[in-house]
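Basis for what follows: all heavy atoms, side chains included, without hydrogens, waters or symmetry-related copies.
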Amino acid sequence: MIDISDTAWPYPRPDSPPLLTPEQAEYTLDVWLVPRFSMLTLFCLLEPLRVANRFGRDLFAWRLLSADGEAVVASNGVRIDVDGPLEALQDSARLMVVSSYEAEATVRFQDRAVLRRIAAHGGWLGGLDTAPFILARAGVLEGCRVALHWESVPAFRLEFPELEISPARYEFDATRMTGSGGAASIDMMLEWIERAYGPALADAVSRQLVHERGRGEGGEKRQRYGELPRSVVRALAVMEANLAQALPIPEVCRLAGQSQRQLTRLFQRHFGETPRQCYLGMRLDRARQLLADSRCLVTEAAFATGFTQPAHFTRAYRARFAEAPSVTAERGSGVEQGGEGVSVG
C-alpha cells in the first residue's frame, strides 16, 4: 500500500491549500448573504478564488456575513452558517452582496448605513443578481454602469432611471462590481483574477473548473493561452501567482505537474526561451508596470517582484528595457526618485 503522505504530489493537490484567514491572504472578499440568496451565485463566486489558491500562493480569503450574524437560508432551502454580522465590517472592506428573491424584504436602515459608510471611506462594494437594488437604494451606485439579472431590469430602470443599466453580464471598476449572478459569476471572478494576477492564472483556474470563459475583454489573449499545452498554462499561472516571492524552477515544475526537462522543451518551442527566462521577464514586466503606473520607489518595485538584491534587479531591468529602473520611475511619477536607500539607478 502506498504511503500517500510521502508521495511527491504534482499539481493539483486535492487537499491543498487549506481555507485561508484574512490575515493569510492578499485579498479578502466579505460576502453579505441576504435571505433567499442564490446558492449557485455563491458557489460560482467563491470557487474560482479557492482554485486560484492552489497555484503556490495564499491569494484569496473570504468571510460570509449576515445582517445579524445568524445563519441564512438560501432560496433552495439550505441553511448556511456565517462568520459574523454585517455591522462588524471595517470601513476599508471589500464587500459583495448576494441576494435573489425578495432582495430587500429583510434589509434594514442600519444595513444600508454600513454600505454608505464603506462607500464614504473609499471601500469596494459589489452586488449580484438582485443585489444592485440594495446598493442603489443605499445611494452607492451613482456614476456606475449597473449589471443585474435580466428579469430585474425593467423594475430597476423604472425605479432608478438616473442609473445606466449595462447589457453585460457583469460590470466593475476600481470600487464597484455588479453582475447578473448565477454562472456568470465565474467569468466575473476570472476577470478579477486576470486583472490582479494575469491571464495565465485566470485561464488555468478556468480549466480546473472545466469552464470555457465567455468572450469579452482580453478575448484574444485568452484564445492564445487556450492553444498552449495545459502544463505550460499551469506553469505560467504558478509564475504569475508568485511574482513577489519567486519560486525555484523545480518547484514551478512540480506545481505544474511536469518534469523540468519537458517543461523547458515546451517553453522553448512556444516562447523561444526557458522557463527561468520567461519567469524573469514576467517579474521585470510587473516591476515596469509598478514603476510606470504608481509612485512606487525602485527598491519597492524590486522587492515586490522577488528581487532581494537591488543591483541584480537593475542589471536585469537594463538588459530587458534598455534603461535604468529609476528612469522609468521618474517618467511615471513626474518627480525625481529619492530616498531609495541604495543606489539602483
Side-chain angles (χ1 to χ4, degrees), residues 2-20 24-26 47-60 190 193-194 196-211 213 221-289 302-309 312-313 315-317 319-320:
I2 298 175
D3 184 358
I4 296 179
S5 63
D6 293 334
T7 302
W9 285 88
Y11 167 88
R13 182 167 178 162
D15 61 341
S16 176
L19 296 180
L20 304 177
Q24 295 171 309
E26 294 187 9
E47 282 299 280
L49 305 184
R50 179 189 66 81
V51 173
N53 287 341
R54 301 174 72 179
F55 288 86
R57 191 138 137 255
D58 298 337
L59 303 179
F60 299 103
L190 290 172
I193 292 170
E194 178 170 328
Y197 295 104
L201 179 58
D203 190 82
V205 171
S206 175
R207 289 185 185 220
Q208 185 63 26
L209 293 172
V210 198
H211 174 75
R213 298 182 66 184
K221 187 178 292 184
R222 286 198 286 270
Q223 185 177 16
R224 178 168 63 88
Y225 278 100
E227 295 171 352
L228 293 172
R230 294 191 176 188
S231 61
V232 172
V233 175
R234 288 197 295 264
L236 291 171
V238 169
M239 293 174 184
E240 284 185 340
N242 294 275
L243 296 180
Q245 301 173 356
L247 298 177
I249 294 301
E251 178 65 7
V252 172
C253 296
R254 187 189 72 80
L255 290 169
Q258 187 65 272
S259 70
Q260 185 169 345
R261 180 177 179 180
Q262 177 68 359
L263 195 65
T264 298
R265 186 180 67 81
L266 290 172
F267 265 68
Q268 288 177 328
R269 176 197 298 173
H270 291 281
F271 304 125
E273 56 186 8
T274 65
R276 188 181 307 278
Q277 291 169 329
C278 186
Y279 198 6
L280 176 61
M282 292 168 67
R283 291 162 57 204
L284 291 170
D285 289 344
R286 175 63 62 84
R288 184 177 178 84
Q289 181 183 25
F303 294 142
T305 51
F307 292 92
T308 58
Q309 297 295 326
H312 174 218
F313 171 65
R315 286 194 299 271
Y317 194 96
R320 186 169 182 83

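- Pro48 and Leu190 make their closest contact through CB-CD2, 4.5 Å (heavy atoms, listed as atom of the first residue, atom of the second, distance).
- The number of heavy atoms from other shown groups lying within 6.0 Å of CD (Gln268) is above 12.
- Residues Val238 and Phe55 are in side-chain contact: their nearest non-hydrogen atoms beyond the backbone lie under 4.5 Å apart.
- Between atom CZ of residue Arg230 and atom CD of residue Gln258 there is a gap of 13.5 Å, rounded to the nearest 0.5 Å.
- Between the CZ atom in Arg50 and the CG atom in Leu209 there is a gap of 7.5 Å [rounded to 0.5 Å].
- Separating the CZ atom in Arg265 from the NE2 atom in His270 is a distance of 8.5 Å, to the nearest 0.5 Å.
- Of all non-hydrogen atoms in Arg283 and Leu243, the two that sit nearest each other are CG-CD2, 3.7 Å.
- Counting only heavy atoms from C-beta outward, the side chains of Val252 and Pro275 never approach each other to under 4.5 Å.
- Across Leu266 and Ser231, no two heavy atoms sit closer than the pair CD1-OG, 3.5 Å.
- Considering OG1 of Thr264 and CD of Glu273, their distance stands at 11.5 Å, rounded to 0.5 Å.
- From Asp58, atom CG reaches atom CD of Glu26 across 8.5 Å, with rounding to the nearest 0.5 Å.
- The minimum heavy-atom distance between Leu263 and Ala235, with the atom names listed, is CD2-CB, 3.8 Å.
- Checked against ring pair (Phe, Tyr, Trp, His ring centres under 6.0 Å), Tyr279 has no partners two or more places apart in sequence or in another chain.
- Closest heavy-atom contact between Leu201 and Glu240: N-OE1, 2.9 Å.
- Classified by interplanar angle (parallel below 30°, tilted 30° to 60°, perpendicular above 60°), the ring pair Tyr197/Phe60 is perpendicular.
- The minimum heavy-atom distance linking Leu59 with Ala25 is given by the pair O-CB, 3.8 Å.
- When side chains are defined from C-beta on, Leu236 counts as touching Met282, because their heavy atoms get closer than 4.5 Å.
- Between Cys253 atom SG and Gln262 atom CD the span is 10.5 Å, to the nearest 0.5 Å.
- Side-chain contact between Asp285 and Arg320 is present, with at least one heavy-atom pair separated by less than 4.5 Å.
- The backbone N or O of Pro248 lies less than 3.5 Å from no partner atom in the side chain of Glu251, so there is not a single donor-acceptor pair.
- Side-chain contact between Leu228 and Phe267 is absent, with no heavy atoms from C-beta onward closer than 4.5 Å.
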